[in-house]
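Shown next, in structure tokens, is the structure this report addresses.
As a basis for the values below, the full set of heavy atoms in this structure was taken, side chains included, without hydrogen atoms, waters or symmetry mates.
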Amino acid sequence: MPHPVLDNQTARRLFLHKHLLLQPGAGPGRTEDLEQVLDALGFVQLDSVNTLARAHDLILWSRRGRYRPRALEDLVARRRTAFEHWTHDAAVIPMPSYPAWRLKFRRDEAHMQARWPALRRDGWHAELDTVLRHISDHGAACSLDVGGQEKKGASGWWDWHPSKTALEFLWRSGRLAVCNRQGFRKYYDLRERVIPEALRNAHLDDEQIIDRAMSDALARLGFATSGELAAFFDIVTRDEAKAWCAAALESGALIEVDVELADGSLRRSLTTEALMDSAASLPEPSSRIRLLSPFDPALRDRARAERLFGFHYRIEIFVPEAKRRYGYYVFPIMRGDRLVGRLDARRDGTAIAVRAFWPEPGVRAGKGFVSGLEAELSRLSHHVGAESLRFAEDWIRA
């Protein structure tokens, strides 16, 4: 029998609905409401670039217009309902997921033991006990509090002094936890002072963790290949993901579906009967024109986003200025269920300065569109504390 087909529009809407981007969303964007948002997304990536606002803050603001940055810090540092660790990158993760991260801790530790001797300055391994003892005796510490006599790095973010490397190793392997940040600087403490006891003592075997990670990834993607599921949390290996999918297909827990891509081709994916049923009754998308973070979860898998939306996006921070096609840090723009262009904008004093907007082919930046974009930037100005908008004379680029 032929596989069911998920047409491109429905696939886009299901994916965006799972990422809380199909409708404007309501809620205060703090405490329990913010916990629900974080749980729905699975994690929020952290990034330090701050041309308009930090990536994690924009991700949450795009779903809750009343969100303010202190609210996320509150979940990690005071409520202890979220923790910082690693997916494909540094992220804030719902605290109930902590038991599943034990497999991540173990695998990250093995990876660091194998790779870091060649990548980091000598001496970090000998500092592990010293750093642990310092934190045990004196409380939470940042990288400035350890390794006082060590020569600090001078060649970039990753040229860590040995005690800083020890801190990161102990965090990534699960023996320390990030207890709070000051500015963007991490403070580390013993995990027993940060992670609630019930979750710290909850033990899942590897098979249970794999099942949970794969099921949770599918619930947040709506449909996916085994590789996309493995990459979502980056806990499960590709071989483990293939085996899990094969077993779930055989048992009937998963079904195969052909997803129509933006170019009209079909891509075999996996989903569940329940997710297919939910796709038949999705709400209509909001008419809001929405500014997204370059690190938005809907765009994290660049290849998937390009296949689904026909939107090719790359960050050009590390591209020499003369070779950039767009700009240092441009923001994807969404209208309804489509990605319609990219915007070069930044804080400039008390204003949001817009340098350029590049519409996607077939997108017309008429008066209605410009009005909607201005409304979005006005909403954003309240979030970032800007007092005005300023547009370059030739800001719409055909």
Is [Y] reachable from [X] through a run of I, L, V, M, F, W or Y residues, each pair having side-chain heavy atoms under 4.5 Å apart?
X	Y	answer
Val330	Val319	no
Leu176	Tyr187	no
Ile333	Val370	yes
Leu21	Val340	yes
Leu275	Leu270	yes

- Item | Atom pair OG/OH of Ser143 and Tyr188 - distance to nearest 0.5 Å |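 So the gap between those two atoms works out to 6.5 Å.
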- Query: To the nearest 0.5 Å, what is the distance between CG (Leu22) and CZ (Arg288)?
  - Reply: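 It comes to 12.5 Å.
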Is any side-chain heavy atom of [Y] closer than 4.5 Å to one of [X]?
X	Y	answer
His125	Trp116	no
Arg80	Leu75	no
Phe331	Pro294	yes
His56	Pro69	no
His138	Asp145	no
Arg13	Pro285	yes
Thr87	Gln45	no
Ile135	Asp189	yes

Has [X] got more than 12 heavy atoms of other residues, nucleotides or ligands less than 6.0 Å from its [atom1]?
X	atom1	answer
Arg268	CZ	yes
Arg238	CZ	no
His17	NE2	no
Asp137	CG	yes

Whether [X] side chain and [Y] backbone form a donor-acceptor pair below 3.5 Å:
X	Y	result
Glu273	Ile255	no
His85	Trp171	yes
Glu260	Asp7	no
Ser371	Lys367	no
Ser215	Asp211	yes
Arg64	Leu34	no
Glu376	Leu291	yes
Ser136	Arg133	no
Arg302	Leu299	yes
Trp101	Trp86	yes

Can [X] and [Y] be counted as an ion pair, charged N to O under 4.0 angstrom?
X	Y	value
Asp39	Arg220	yes
Glu360	Arg338	no
Arg63	Asp296	yes
Arg30	Asp74	no
Arg107	Glu240	yes

- Task: For the pair Tyr98 and Phe83, name the ring-plane relationship: parallel under 30°, tilted 30 to 60°, perpendicular over 60°.
- Result: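 Tyr98 vs Phe83 ring planes: perpendicular.
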- Message: With ring pair (Phe, Tyr, Trp, His ring centres under 6.0 Å) as the test, pick out the partner of His88 among Phe233, Phe43, Phe232.
- Response: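 The option that passes is Phe43.
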Tell me the closest heavy-atom pair linking [X] and [Y], and the distance in Å.
X	Y	value
Leu52	Val384	O-CG1, 3.3 Å
Ile352	Arg347	CG1-CD, 4.3 Å
Ala140	Cys179	CB-SG, 3.6 Å

- Do the side-chain N and O atoms of Thr237 and Asp239 include a donor-acceptor pair separated by under 3.5 angstrom?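 No pair is found: no donor N or O on one side chain lies under 3.5 Å from an acceptor on the other.
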- Are Arg304 and Phe223 in a cation-pi setup, meaning NZ or CZ lies under 6.0 angstrom from the ring centre and within 45 degrees of the ring axis?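 Ring-cation test returns yes.
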- Message: Taking the six-membered ring of Phe184 as reference, does the cationic atom of Arg181 (NZ for Lys, CZ for Arg) lie under 6.0 Å from its centre and within 45° of its axis?
- Response: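 Satisfied, under 6.0 Å and within 45°.
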- Verdict with reasoning, Arg79 to Glu35, per side chain to side chain contact (heavy atoms under 4.5 Å, CB included): CA-CA 10 Å; Arg79 292 175 65 84; Glu35 290 163 15; 2.7 Å; yes
- Pairs satisfying side chain to side chain donor-acceptor pair (under 3.5 Å), at least one member in residues 194-208, at least two apart: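 Every side chain to side chain donor-acceptor pair (under 3.5 Å) pair that includes a residue of residues 194-208, provided the two are not neighbours, is Arg106-Asp206.
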- Residue pairs passing the side chain to side chain donor-acceptor pair (under 3.5 Å) test where at least one lies in residues 313-336, sequence neighbours excluded: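 Of all non-adjacent pairs touching residues 313-336, none passes side chain to side chain donor-acceptor pair (under 3.5 Å).
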- Begin from the C-alpha positions of Val354 and Leu373 and carry the test side chain to side chain contact (heavy atoms under 4.5 Å, CB included) through to its verdict. CA-CA 11 Å; Val354 176; Leu373 181 59; 5.9 Å; no
- Which other residues end up in the same hydrophobic cluster as Leu266, if Ile, Leu, Val, Met, Phe, Trp and Tyr are linked when side-chain heavy atoms come under 4.5 Å apart?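 Leu266 shares its hydrophobic cluster with Val5.
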- Message: salt bridge (Lys or Arg N to Asp or Glu O under 4.0 Å) for Arg120 and Glu168? Distances and angles first, verdict last.
- Response: CA-CA 11 Å; Arg120 303 288 181 237; Glu168 288 287 312; over 6 Å; no
- Query: What's the verdict on salt bridge (Lys or Arg N to Asp or Glu O under 4.0 Å) for Lys164 and Glu127, showing C-alpha distance, side-chain angles and the deciding distance?
  - Reply: CA-CA 9 Å; Lys164 161 66 174 174; Glu127 296 301 319; over 6 Å; no
